[in-house]
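First the proteins, then the strands, lettered A, B, ... as listed; each starts at 1. As the structure is a prediction and not an experimental result, all values here were calculated from the model. Because only heavy atoms are used, hydrogens play no part in the values below, and waters and symmetry mates are left out as well, while side chains stay in.
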Protein chains: 2
Amino acid sequence: MNFQLRKQYILQTLEQHGSVEVAAVAGHLRTTPITIRRDLALLADQGLVVRTHGGAVRPNMARHPIAFITKATAQGPQKEYICQLAARHIAEGDTIFIDCGSTTFPLCALIRHLKIRVVTNSLPVLFELAGSAVQVVMAGGEVDAKRRATHGAVATEHLRRYAVDKAFVGVDGVSLRRGLSANSEKEASIFLAVAASAGHVYLLCDSSKLERDQYFQFAPLSAVGTLVTDKQAPAELLAQHRDAGLAVLS
Amino acid sequence: MNFQLRKQYILQTLEQHGSVEVAAVAGHLRTTPITIRRDLALLADQGLVVRTHGGAVRPNMARHPIAFITKATAQGPQKEYICQLAARHIAEGDTIFIDCGSTTFPLCALIRHLKIRVVTNSLPVLFELAGSAVQVVMAGGEVDAKRRATHGAVATEHLRRYAVDKAFVGVDGVSLRRGLSANSEKEASIFLAVAASAGHVYLLCDSSKLERDQYFQFAPLSAVGTLVTDKQAPAELLAQHRDAGLAVLS
DNA sequence: ACATAAAAGAACAAATAAGAACAAAAACGA
DNA sequence: TCGTTTTTGTTCTTATTTGTTCTTTTATGT
């Protein structure tokens, strides 16, 4: 019976009943009160529980993770797959950029344990990676609550100053002829700031976005180093991307 | 019995039970604990398991969201009171700075509905106010997971560029003779950056911190415009602060 | 407000596990 | 087959966790 398992039990009980008692937990887990108290102290340090005399209660403040979970999209599994491909290109010691958006977000789970530095403007990424092995650098600037990211002049200027080894970005649309496009100028300016000084740009893009233009076109295809997409992407199209000079993973 | 087979067994057991123990696996596979520990170390490197003492657990079991709530401290009610006093000085249209720390955090709940701009380096403040009526500006920079805030050269430089109307800051210690002090240079440099261009500095400080010096002294009392504290503060001491030129709320 | 019982905390001791360094065994290629 | 490389085991040291004892703090009833 180690700490992780006790923690599981405590948090689970807390979730169900709203409170736990030291003596009850100690009895149930066949250990002593001091051990449980130490556990609760640790969990309280992380804000996961609030100590009371004789036990602990659930933090009444709304748990914010709920607000920041990725919306389950139709392309959920594809995005996970794409991120798995991309994650293989991340090595210990790297400094990488992770874009905001649902396509790049699953990367977080795959790199939590790596000793790398992650630069991001995404609030969910920040939240997911804060407290992990990863050193997070947040781009400062105005917070766009809808996109859950920082944007604006300060953010782009801030990002321009970081020369990341690898940038993992998403877009709203890509096409061979018109390059990268987005629904918002904000996204575009973030991309341009990052891409300018990134060693290599990985475009994470599920197949539904291929050959689909959005209204704001902001960069040629050549700004991208590697296109990472899923198995549904037509082989012929991928070959054309390779001809255009991109590396392609799928 | 090679590594691949042990790995299969370990991951399978992990999938079924959520956790494994070194001794149990070693016994079952007729090998020694050190071998299993080496296996687990390898698997942990790949993020497939999370080590515990005596075994390992599934990664998703160990992963816990960092709850961005303030830990309930002994001075909880005092801090709420202090923030209520401070909130009366915030008017629609203001641009204010909110410091990281448990003293200033309760301010968020009191200003959610106001049309103001909040500049902050605090992650809890960011998450509390994201999506509210408030326009949030986050200071960019390295994320300090322990303090749940951004810090560092970039953050201070970023903050220096905002001229906020009012800055609401906390400190670890204040005294008449030695001024403001902190436990960390990080906190200090944030204060100095903000205070330099703030219209008015409100120091939120519960009475337990009055006349208590911390090791790093970083600013004179005159850097503060208004001291906001609680009812427990000795009247005589507050009078002395007034003599020193500060406005005092309690 | 005071007394009392329960719980928390500090300090120390014991048990258990992890890690380092080196030796032995097995696998592999020439 | 021999030498080399990789894997596994042994021994010893170090670190972590847990439990015990005692003191201090906190909650609750009178």
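- Note on A:Arg51: only backbone sugar-phosphate atoms sit closer than 4.0 angstrom, heavy atoms only; bases stay farther off.
- Mapped onto DNA chain C by nearest heavy atom, A:Arg38 and A:Gly54 fall at different nucleotides, with A:Gly54 at the one closer to the 5' end.
- Considering all non-hydrogen atoms of both residues, A:Pro124 and A:Arg148 come closest at CD-O, 3.3 Å.
- Taking atom CG of residue B:Asp45 and atom P of nucleotide C:dG19, one finds them 11 Å apart after rounding to whole Å.
- In this structure, the CD1 atom of A:Ile36 is 14 Å from the P atom of C:dG9, given to the nearest Å.
- Atom CG of A:Asn2 and atom C1' of C:dA15 are 16 Å apart (whole Å).
- For the 3.5 Å distance criterion, the side chains of A:Asp99 and A:Thr104 fail to qualify, holding no donor opposite an acceptor.
- Checking the phosphate oxygens (OP1, OP2) of D:dG19, a side-chain nitrogen or oxygen of A:Thr31 falls inside 4.0 Å.
- Considering only side-chain atoms of B:Arg6, the nucleotide from C:dA8, D:dT8, C:dG9 that sits closest is D:dT8.
- Taking atom NE2 on A:His53 and atom P on C:dA5, their separation rounds to 18 Å, with Å as the unit.
- Close to D:dG19, at under 4.0 Å from its OP1 or OP2, lies a side-chain N or O of A:Thr32.
- Exactly one residue among A:Asp165, A:Thr226, A:Leu249 makes a side chain to side chain contact (heavy atoms under 4.5 Å, CB included) with A:His89. That residue is A:Leu249.
- A side chain to side chain contact (heavy atoms under 4.5 Å, CB included) with A:Ile96 is found for exactly one of A:Leu114, A:Ile111, A:Thr120, namely A:Ile111.
- In this structure, CD1 of A:Ile34 is placed 13 Å from P of D:dT21, rounded to the nearest angstrom.
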